[in-house]
Amino acid sequence: MEYNFKEIEKKWQKKWVENKTYHITEDKTKKKFYVLNMFPYPSGAGLHVGHPLGYIASDIYARYKRLQGYNVLNPMGYDAYGLPAEQYAIQTGQHPAITTVKNINRYREQLDKIGFSFDWDREIRTCDPEYYQWTQWAFIQMFNSYYCNNTKQACPISELISTFETCGTDKLNVACTEELHFSDKEWKTKTDIEKQETLMNYRIAYLGKTMVNWCPELGTVLANDEVVEGVSVRGGYPVVQKKMRQWCLRVSAYAQRLLDGLNTIDWTESLKETQRNWIGRSEGTEVKFKVKDSNVNFTIFTTRADTMFGVTFMVLAPESELVAQVTTSDQKKEVAAYLSRTKKRTELDRISDRSVSGVFTGNYAINPFTGDAVPIWISDYVLSGYGTGAIMAVPAHDSRDYAFAKHFNLPIIPLIEGCDISEESFDAKEGIVCNSPKAGITPYCNLNLNGLTIKEAIDATKKYVEENNLGKIKVNYRLRDATFSRQRYWGEPFPIYYKNDMPQVIDEDCLPLKLPDVDKFEPTSTNEPPLGHATKWAWDTLNKCVVENSKIDQKNIFPIELNTMPGFAGSSAYYLRYMDPRNHKTLVSKEIDEYWQNVDLYVGGTEHATGHLIYSRFWNKFLHDIGISVVEEPFHRLVNRGMIQGRSNFVYHIKNTNTFVSLHLKEKYESTPIHVDVNIVSNDILDIEAFKASRPEYKNAEFIMENDKYICGWAVEKMSKSKFNVVNPDMIVDKYGADTLRMYEMFLGPVEQSKPWDTNGIDGVNRFIHKYWGLFYDRAGNYIVKDELPTKEELKSLHKLIKKVTGDIEQLSYNTSISAFMICVNELSKLKCNKKEILEKLIIVMAPFAPHVCEELWETIGHMTSVCDAKWPSYDEKYLKEDAFNYIISFNGKSRYNIEFPANATTEEITAAVLADERSLKWTKGNVPKKVIVIPKRIVNVVI
RNA sequence: GCGGCUAUGGCGUAAUUGGUAGCCGCGCCAGACUUAGGAUCUGGUGUCGAGAGACGUGUAGGUUCGAGUCCUAUUAGCCGCACCA
């Protein structure tokens with residue numbers, strides 16, 4: 001029989017479906033292993049050769065773990081909600097649901113050809129109501145929870161209400177939008193609406209009037225991770241800051257836990273570092289400043305408490321509420337002018353133009369340490385969203401304050417011994433503090449920092465601040481709450497309606513709240529989100545789902561939430577749903593969750609480092625708090641697959657002719673490179689006939705060849721249609737088969753590394769599979785496997801392979817495993833080894849990589865069951881043992897010659913033999929060696 | 001500016017974790033078989049040198065009997081954060 005990959009692959013893919021080979025159920029007699037890929041967004045372009053890279057890597061791991069006897073969960077699904085389908089709908093009128101299904105089917109078709117071991121019975125789609133009802137359900141739980149800083153977990157909001165009823169905000173330590181103070185009596189006198197408004201300050205999912213990233217082009221709000229350098233990640237449209245009433249998730253409450261959790265998981269250091277950066281913990285001090293001659297107080301945050309004596313002015317963010325309180329009547333006009341100027345600036349303007357600007361409020365603040373009155377300014381270099389939106393400026397030791405002080409001619413007081421601040425500020429946190437007033441000199445302060453290091457001075461100041469009630473020690477995080485509303489159609493509807501303008505939760509029994517059909521995907525004429533077109537749906541929903549629907553205020557506002565949830569909503573807990581995907585009663589049953597626990601191996605790209613991977617961890621921690629997810633961290637080990645870039649090919653067109661010149665001759669002519677479809681180029685040699693046929697104007701093209709070949713140039717670029725460098729996995733599968741594709745993708749290099757796709761070299765892997773086949777069938781197609789006892793050499797070759805591959809798969813170093821296969825198959829074919837005992841184990845070890853051909857061969861040698869249910873062979877060191885070792889003999893570290901010693905030779909024997917060897921005498925030149933170092937099995941170094 | 005990662009033949013990469021640098025594959029060279037080929041098989045292939053040998057892991061130092069691997073400095077490239085007080 002010949003190796004006919006087309007028939008073999010078709011046959012086994014069919015059998016796997018028929019026999020439900022990859023269908024997995026909970027089996028408590030086996031240890032579980034959960035492998036997961038970041039599920040794809042099914043785009044219209046289909047899969048290119050880069051997409052399956054991670055899937056193949058995880059599939060190999062899943063198959064390997066299964067052979068080791070684990071019960072392996074390896075699911076797949078689709079992140080089906082998203083902007084592209086909706087943008088496409090706006091342009092073409094094609095409903096996103098239709099586009100999405102079409103794309104999913106195309107993805108599935110492509111995935112099926114590659115031979116994955118996914119359990120498709122567990123498939124989920126985020127746009128499926130069966131699925132998204134649990135997204136909505138989780139949202140309701142967040143709405144009904146607050147975060148307690150004492151117990152460090154989410155708690156029911158009802159508990160908070162009873163706290164308010166008994167003691168108000170006294171001793172309250174909870175996460176909130178702003179610090180409120182009221183007594184139990186005051187709480188009781190609040191109206192129902194006031195109470196609801198107050199609670200909004202504490203809910204984990206809350207409606208907040210906050211500054212958001214508004215993208216006018218997309219007509220929606222975006223989360224921080226969806227904006228890069230002032231433009232939207234999707235589409236690259238400008239983004240402006242805008243104050244809007246939006247749903248938010250109090251992710252910031254979990255900042256510390258998100259940070260701490262990183263120490264418990266097996267992720268790459270760089271990814272953890274990216275998350276640490278994004279969370280941005282900074283320890284500092286909050287200090288209260290009094291506005292001169294008034295009762296107004298305000299608080300600033302600083303990490304440099306040691307610089308209190310160098311404060312020469314204060315700066316407020318333009319958006320700060322203090323601006324209005326502080327500005328004097330003389331300055332009102334100028335301040336208003338500045339505010340309107342900064343308001344117009346987009347995020348992009350702010351980033352590109354960092355010239356100093358600001359305005360004086362006319363007012364002064366009193367430095368609590370010195371009693372000095374320092375001017376209060378306004379400037380947009382202070383951000384309203386971080387700290388308190390106000391800073392104390394220490395121009396001597398902060399470059400931004402320094403630039404501001406120089407520009408507006410404000411004083412600068414140096415505080416570090418010997419620092420030079422004539423040209424720039426001294427920002428480094430090193431040196432000895434000076435210039436703090438001697439104790440007792442001012443009536444305000446008896447703190448003397450002189451002579452201390454900065455670290456000591458910060459600690460001393462913190463202590464002083466706390467003791468004198470001037471402020472408090474505070475930890476700030478860069479991580480902001482996530483905006484959770486999108487003014488979009490193609491997303492999960494919120495289970496929310498409004499009563500007296502206050503949001504109310506739709507009863508859980510009414511979930512899922514299904515997304516209605518609409519015929520227009522743009523905002524309504526009154527500028528409501530697209531769901532505003534679905535008026536019938538809105539009223540039907542209210543009548544069905546709201547018990548007291550007659551009481552709804554139908555006058556002023558549209559009574560149902562018209563925003564939809566953002567993309568990350570559906571992808572935040574999908575790994576839990578895979579465990580129990582068809583459960584109608586709960587997100588995941590307790591028993592099943594306890595079995596599968598969390599994801600053991602998660603494979604996906606780094607692009608989700610500050611988005612999905614933060615939200616998902618947050619979401620899981622919340623579910624853990626309310627008793628759903630048993631493990632706090634969802635993804636134990638995470639491997640980042642590298643991006644596959646394109647490798648473009650070029651032909652060189654000679655100016656004003658219809659002639660193309662081969663790469664190495666192009667310097668002789670005036671030529672311009674033109675992209676040529678990589679699919680008609682092989683090993684950089686152009687298929688001239690295919691090229692001529694590709695476009696009418698090339699039909700009569702002429703070529704200047706070298707060695708009768710036309711050689712193309714190449715470059716690494718992004719894989720895209722316009723560069724004609726997209727390689728489709730289907731084409732590779734058609735030409736070489738899925739097993740070759742799988743092995744070649746892995747052979748390209750480490751999974752984590754980004755690399756250009758280069759079809760050159762795939763022949764090597766293809767040849768290898770043929771050679772492997774050749775161990776079972778000779779060239780005439782005769783079956784040649786025999787039931788004979790293997791030789792020592794054959795066993796050694798096999799066991800070497802098993803040892804290497806077992807170790808490599810754990811590390812996901814598949815490229816080196818494949819090298820090992822090639823070596824082993826080469827050795828066996830040279831030994832003319834066709835013994836069943838050896839080949840049987842070879843099949844099992846190779847099955848995770850090339851499942852189709854291995855299934856076929858497994859059947860060929862006489863097995864009735866799938867190779868998936870075989871047992872991973874163990875290796876035996878006894879076959880790997882050497883009789884003798886080749887020692888490298890070196891002198892002063894320079895290797896000179898080799899001697900073979902028996903494996904049981906002692907150090908003394910080796911030393912003596914080396915010193916007696918006549919070649920040694922040449923290198924020692926008659927000197928007695930100072931030392932002889934023997935590294936067992938490896939090397940003997942003689943030190944002269 | 002701060003933080004992280006990487007650097008090895010013509011190319012993709014490997015190195016028992018401090019022990020003969022370049023495994024495996026591509027490409028290239030030579031040979032075999034051939035209907036003379038973008039097929040298959042066999043052998044060779046870091047650089048210089050006829051050779052013995054010398055040199056060689058971005059650059060410069062250091063530790064060590066011994067460094068691609070550890071330390072210091074430096075250069076280049078990639079990534080993350082960035083007016084975060």
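Quick note on labels: first sequence line is chain A, next is B, and so on, each numbered from 1.
- A:Asn277 has its CG atom 5 Å from the C1' atom of B:rC81, to the nearest Å.
- Across all strands shown, B:rU63 remains unpaired; no Watson-Crick or G-U wobble contact has both distances below 3.5 Å.
- Across the strands present, B:rG1 finds its partner in B:rC81; the criterion is a Watson-Crick or G-U wobble pair with both atom distances under 3.5 angstrom.
- Separation of the P atoms belonging to B:rC55 and B:rC11 is 24 Å when rounded to the nearest angstrom.
- Remark: the separation of the P atoms in B:rU20 and B:rG66 is 15 Å, to the nearest Å.
- Atom NZ in A:Lys894 sits roughly 18 Å away from atom P in B:rU64 (whole-Å rounding).
- The glycosidic torsion of B:rG9 lies within 90° of 0, placing the base in the syn range.
- Residue A:Arg478 places at least one side-chain N or O closer than 4.0 Å to OP1 or OP2 of B:rA82.
- What separates CG of A:Asp225 from P of B:rA82 is a distance of 11 Å, to the nearest Å.
- Each of A:Glu607, A:Glu745, A:Glu752 was evaluated against A:Arg641; a single residue qualifies, A:Glu607, per the salt bridge (Lys or Arg N to Asp or Glu O under 4.0 Å) test.
- When rounded to the nearest whole Å, the span between CZ of A:Arg896 and C1' of B:rG53 equals 10 Å.
- With both ends at atom P, the span from B:rG25 to B:rC41 equals 11 Å, rounded to whole Å.
- The separation between A:Met746 atom CE and B:rG25 atom P is 19 Å, rounded to whole Å.
- Between A:Ser282 and B:rA85 there is a side-chain polar atom (N or O) within less than 4.0 angstrom of OP1 or OP2.
- In the set B:rA85, B:rC83, B:rC24, the nucleotide with an atom closest to the side chain of A:Phe747 is B:rC24.
- The aromatic rings of A:Phe404 and A:Phe313 sit parallel, their planes meeting at an angle under 30°, below the 60° perpendicular limit.
- Across the P atoms, B:rG4 and B:rG10 are found 33 Å apart, a figure rounded to whole Å.
- Straight-line distance between the P atoms of B:rA52 and B:rG62: roughly 32 Å, to the nearest whole Å.
- Aromatic rings from A:His799 and A:Tyr875 are positioned such that their centres are separated by 6.0 Å or more.
- Spacing of C1' atoms, B:rG56 relative to B:rG49, comes out at 15 Å, to the nearest Å.
- Glycosidic conformation of B:rU74: anti, with the torsion beyond 90° of 0.
- Closest to the side chain of A:Arg779, from the set B:rC26, B:rG3, B:rC41, is B:rC41.
- Spacing between B:rG18 and B:rA67 at atom C1', rounded to whole Å, works out to 7 Å.
- The interatomic distance linking A:His770 (NE2) with B:rU40 (C1') rounds to 11 Å, in whole Å.
- Note on A:Leu748: only backbone sugar-phosphate atoms sit closer than 4.0 angstrom, heavy atoms only; bases stay farther off.
- Using a 4.0 Å heavy-atom cutoff across all strands shown, A:Lys800 reaches no nucleic acid atom at all.
- Regarding contacts with the backbone of B:rG43, a side-chain N or O of A:Lys830 is found under 4.0 angstrom from either OP1 or OP2.
- For A:Lys771, taking side-chain heavy atoms from C-beta onward, the closest of the listed nucleotides B:rA14, B:rC24, B:rU42 is B:rU42.
- Listed nucleotides: B:rA14, B:rG4, B:rA85. Nearest to the side chain of A:Phe301: B:rA85.
- Atom name P, nucleotides B:rA50 and B:rA39: the rounded distance is 35 Å, in whole Å.
- Note on A:Pro750: only backbone sugar-phosphate atoms sit closer than 4.0 angstrom, heavy atoms only; bases stay farther off.
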Just the atom pairs and distances: protein N or O near nucleotides 27-37 of chain B's N or O, under 3.5 Å.
unit_1	atom_1	unit_2	atom_2	d
B:rG27	OP1	A:Asn683	ND2	2.9

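- Of the candidate nucleotides B:rG38, B:rG3, B:rG19, B:rG19 has the atom lying nearest to any side-chain atom of A:Ile939.
- Pair check for B:rG25 finds B:rC11; Watson-Crick or G-U wobble, both atom distances under 3.5 Å.
- In this structure, CG of A:Asp380 is placed 18 Å from P of B:rA85, rounded to the nearest angstrom.
- Dashed line: the shortest gap from a side-chain N or O of A:Asn815 to OP1 or OP2 of B:rA14 is under 4.0 Å.
- Side-chain proximity of A:Glu273 to B:rC83, B:rG4, B:rU20: nearest is B:rG4.
- When distances are taken from the side chain of A:Ile935 to each of B:rA85, B:rA82, B:rG19, the shortest belongs to B:rG19.
- Here B:rG19 presents its P atom at 22 Å from OH of A:Tyr897, a figure rounded to the nearest Å.
- Side-chain proximity of A:Ile933 to the nucleotides B:rA85, B:rC24, B:rG19 is greatest for B:rG19.
- In this structure, A:Thr388 and A:Phe298 have side chains that are not in contact, with every pair of non-hydrogen atoms separated by 4.5 Å or more.
- Within the 4.0 Å cut-off from OP1 or OP2 of B:rA85, not a single side-chain nitrogen or oxygen of A:Tyr381 is found.
- At the phosphate of B:rG25, OP1 or OP2 sits under 4.0 Å from a side-chain N or O atom of A:Asn826.
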